[in-house]
Structures are given as structure tokens and as C-alpha cells.
Number of protein chains: 2
Amino acid sequence: MAKIQSKKNSTKKEVIIEKASKLFREKGFGAASMRDLAEHVGVEAASLYNHIQSKAEILQTICFKVANEFMTNLEQVEVSNQSTLKKMESIIRLHIRMMLDQYEYIYIADHEWRHLPEPYLSNFLNQRRNYRKRLGDIIEEGIAKGEMKHIDPYVAVLIILSAVSGIDSWQRSRKTTGAEALESNMVKYLIEGLKK
Amino acid sequence: MAKIQSKKNSTKKEVIIEKASKLFREKGFGAASMRDLAEHVGVEAASLYNHIQSKAEILQTICFKVANEFMTNLEQVEVSNQSTLKKMESIIRLHIRMMLDQYEYIYIADHEWRHLPEPYLSNFLNQRRNYRKRLGDIIEEGIAKGEMKHIDPYVAVLIILSAVSGIDSWQRSRKTTGAEALESNMVKYLIEGLKK
DNA sequence: AAAAAACGCTAACAAGTGTTAGTCAATTTT
DNA sequence: AAAATTGACTAACACTTGTTAGCGTTTTTT
């Protein structure tokens, strides 16, 4: 019944999704074709449909996998006993780390969600709005407690999320800056700012 | 010879590019079709080719228009007699303002440049790399002069550019935050940080 | 008024799209 | 060993893609 195949301990479906994530990032969801994907998997295009239901399903799987991962983490941070600043720092660090070692997935959830079919699109956007709202609440609390500057919480959330998601254009110059250095530099900036 | 048409003082070619920019942003370059565009312009698809050479040409026009605008501004800032912090502030403010009133164009130059055909793609990436390098130089100078924190300049540039380009997901909630408020909040954060 | 250019249209092209139907060998379950 | 499932294949479908050819009308230039 359960079909375990291919190189590593992964279903063929997982292999397809993994290859698709690379392809979707390189070419964009719309420009990546199933025949293209099939070639990377080493199979004919029609054979893909023995494992998946549609092209869109792949996108859904990726987007919601990412969304759930972030949401789960947020819930853990919310109930933890840290200062609001530390909470934000934890979240920032998680985003950076996920960006670094699940680059393709995060990129797609960040940039290709527009191509989700309804009702998944609305669902995804609701989750995203909810996530941002709750990040904003942490910042609001931080301001009220005098731990943070008086800044529009929504703008702050926007800056933080955009900044970490922008790591994608850093990808190629990995050599010049190490991963840990990048992380600490980003945290430093996002918490303490540019001005001395 | 010169053909001045349509509502405002704009060539039909300009109308096409304007409509295209909205379409490309909504659907992505790959998913937006010429027939789709033609309908928005109020013409048959084939007729578009009396004004443009190809779909790709539209993308090129948009991307390089934006790139040149930013580059021109950077050159002005570079030769000005401001502190490095003020220089960065000027640049940040310009980015935010352009994002607000040329949203569609900037978005496309930010997100759809991948679909540029060679040799335009390389050209565009070179310009972008150059732009970022020079922003980094300003920050490097700021650090050397003790005006800025000791932070990897490239990471700082990344954060700043990503943050301003992230305004796109703010677009719909314009009502809650005014444009000036957004600008001052972003500048405040990006210069002074989150921590009090 | 004549010549030329601009610009809309319809029809068509070659190529590519996601996806389904149906067949057959390999593998797993009974 | 028999039966059932899995999963690969080829062919094909209905449709969309960007783009060109060619015709005819309107607008501009001479």
C-alpha cells in the first residue's frame, strides 16, 4: 500500500514537490511546465499524475506547509516567558534560519501564492493576515511596556518580514558573508537600527 | 507621423505599457496574456503589435525606466553635501515615495525582472548590483565616520531595500495608515531601530 | 487631391499548456 | 500461485500562448 521509493527515505510525491519547488522558484509557477518538472524527476509528464492531483496541488502543499510551520513557531513564542524584544528576536531568527535552509519553499510561499486557486488563496491570505496581526500585537505590547520605540506596529511587522524575506537576493553571495554572520547582523540592525 | 491619441496626453504605446504594468503585477508576467492586455486597452491582440515589438519589450521598458530613475537619484545624492545618515534617509524616502505613486512599475522591476530575455537580464542585474554596491559604499563611509553602527554594509542595504519593496503588501490597508505616516515610521525604524 | 503612413481588423500559424484515457509490466497483497 | 494494486508509458484532447500576414480604412503629409 504505502509506496516507499527513490534515493532517500522519501515518497515519490515528496521528490516531485522538492523538484517542483526548485523549478517554481527559478522560473515562477506560471512559467514552469509539468513537462519541465517531469524531466527533472526523470519521468514522463503524464506519470506525475499517479502521485499528484494537479499542478496547483503542489503549490498548495508548499504554501501551507510553510504557513503552518511559521504559525506553530509563533504559538510557541507567544506563550513563552520572554520579554517582547526577545520574542521578536526569536521570531526574526527563526525566519532567517528557515530562509537559509528551506530557501525554495519559503520563497514560493512568499512570492508565488498569488497563483493559488480559490478557496486556498483566501485561506492562505487569512492565515497570513492573522500571523501579521499577532506579530503586531507583540510589538504593541512591547511599546506599552516601554521596551520598544513608539512605532506603528504594522509598519514594523512589514519591515521585519520584508527584510528577512529579502535574503533571497543574498543567496548567491553566500561566500562573502557566512550564515551566522548574516543572522547576527540582521538581528542587530532590525533591533537596534542603523544610527549609532 | 507622430501619433497622439487616446484620453490624456499619452501615446498609445504609453497606454499599453501602463495597462500592462497593472496586468503584470496582478497576474505576473508569465500568466498575463497579450489577449488579456489587448482587452484592457480596448483593441484586438494583433493590433498591439502596431505599437510594440514584443511582450518582452514591455517588460524591458518598465524595468529599465525604473532602474534609470533610481540610478539618477542616487547620483544626485552621492554628490550632495549631506551626512551619510542623511544620504541614506534621502534614498529611503525616495524609494518609499516611488513605491507609493509608481507602485505597479516598481513592483514589476522588483519581482518580474527574472523574465527579461538576454542580454537585458544581465544588463539589468549588473545595474542592480552596481546600485547596491554604491549604497553599501555610503554605509561603509558612515561607519568609518562613526555615524553608523558597525554593521555589514551589504546586509544593511539588503534590509533597507527589502523593507521598502515590501510596501506592496501594505497597499490595501492604505486607509489605516496615511502615506506620510508610513514614510516617517519606516524611516524612523530603518534609521533608529526597534529597541528603545 | 494624391501619396503615404498609421492602425484597426480577421485569420491563421506553430508551439506549448495541463490533463485524461487506456495499456501494460512490475510489484505487492492475499 | 492468483489477484490486485502501483506506476510507468504513449497518444491524444482541448485550449492558450505570442506572433505574423494581409487587407482595408482612417488619418496625416505632401
Side-chain angles (χ1 to χ4, degrees), chain A residues 1-21 23-24 26-63 108 112 114-118 120-121, chain B residues 1-21 23-24 26-63 108 112 114-118 120-121:
Chain A
M1 245 182 173
K3 206 60 192 295
I4 310 287
Q5 267 208 0
S6 87
K7 306 144 199 173
K8 307 170 186 177
N9 287 3
S10 44
T11 318
K12 194 126 203 174
K13 181 166 185 174
E14 288 169 342
V15 173
I16 291 175
I17 291 177
E18 186 204 320
K19 296 282 185 188
S21 69
L23 211 61
F24 289 176
E26 282 169 12
K27 306 197 160 193
F29 178 77
S33 79
M34 295 302 276
R35 287 168 178 82
D36 213 354
L37 172 57
E39 198 172 347
H40 279 83
V41 178
V43 97
E44 288 301 313
S47 306
L48 294 173
Y49 289 83
N50 285 323
H51 305 277
I52 59 159
Q53 286 199 321
S54 68
K55 190 187 181 188
E57 191 209 17
I58 302 179
L59 186 61
Q60 292 158 29
T61 305
I62 294 175
C63 287
I108 291 166
E112 304 291 331
R114 274 169 205 271
H115 300 95
L116 283 171
E118 291 288 2
Y120 301 96
L121 178 59
Chain B
M1 241 173 171
K3 207 53 193 297
I4 310 287
Q5 267 208 1
S6 86
K7 306 142 199 174
K8 307 169 187 179
N9 288 4
S10 45
T11 318
K12 194 124 203 175
K13 181 167 184 174
E14 287 168 345
V15 173
I16 291 174
I17 291 177
E18 186 205 319
K19 296 283 184 187
S21 69
L23 211 62
F24 289 176
E26 283 169 13
K27 306 196 158 190
F29 178 77
S33 79
M34 295 302 275
R35 286 166 179 83
D36 213 354
L37 172 57
E39 198 173 347
H40 278 82
V41 177
V43 97
E44 288 301 314
S47 306
L48 294 173
Y49 290 83
N50 285 324
H51 306 277
I52 58 158
Q53 285 198 321
S54 67
K55 189 187 182 189
E57 191 209 16
I58 302 178
L59 186 61
Q60 291 159 30
T61 305
I62 294 174
C63 287
I108 291 164
E112 303 292 329
R114 273 170 206 270
H115 299 96
L116 284 171
E118 291 288 4
Y120 301 96
L121 179 59

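Computed from a prediction, not measured in an experiment: that's the story for all the values here. Order of the sequence lines fixes the chain letters, A, B, ..., with proteins taken first and strands second; residue numbering starts at 1 for each chain.
With the nearest nucleotide of DNA chain D identified for both V43(A) and A46(B), V43(A) has the one nearer the 5' end. With the nearest nucleotide of DNA chain C identified for both G42(B) and I52(A), G42(B) has the one nearer the 5' end.
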Test side-chain contact (heavy atoms from CB on, under 4.5 Å) on I58(B) and L37(B); report intermediate values, then the result. CA-CA 11 Å; I58(B) 302 178; L37(B) 172 57; 3.8 Å; yes

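dT19(D) atom P lies 17 Å from atom CD of E44(B), rounded to whole Å. If you take CD of E39(B) and P of dT17(D), they are 11 Å apart, rounded to a whole angstrom. Rounded to whole Å, atom P of dG7(D) lies 13 Å from atom CD of E14(A). Atom pair K27(A):NZ and dT17(D):C1' shows a separation of 15 Å (rounding to whole Å applied).
For K12(A) and dT6(D), the shortest distance from a side-chain N or O to OP1 or OP2 is not below 4.0 Å. For dT17(C), the OP1/OP2 oxygens have no side-chain nitrogen or oxygen of K55(A) closer than 4.0 Å. Side-chain N/O atoms of H51(A) include none lying less than 4.0 angstrom from OP1 or OP2 on dT6(D). Taking 4.0 angstrom as the limit, S33(A) places a side-chain polar atom (N or O) nearer than this to OP1 or OP2 of dT17(C). When the side-chain nitrogen and oxygen atoms of S47(B) are compared with OP1 and OP2 of dC9(C), one or more of them lie within a distance under 4.0 Å.
Side-chain atoms of R35(A) come within donor-acceptor range of the base of dG18(C), with a qualifying N/O pair under 3.5 Å. Below the 3.5 angstrom threshold, one finds no donor paired with an acceptor across the side chain of N50(B) and the base of dA6(C).
Within a 6.0 Å sphere centred on NE2 of H40(B), heavy atoms belonging to other residues, nucleotides or ligands number 12 at most.
Nucleic acid contact for A32(A): sugar-phosphate only, since backbone atoms but no base atoms lie under 4.0 Å from a heavy atom of the residue.
Contact between L59(B) and E112(B) at its shortest, heavy atoms only, is CD2-O, 3.6 Å.
The CD atom of Q60(A) sits 6.5 Å away from atom CG of L116(A), with the distance rounded to the nearest 0.5 Å.
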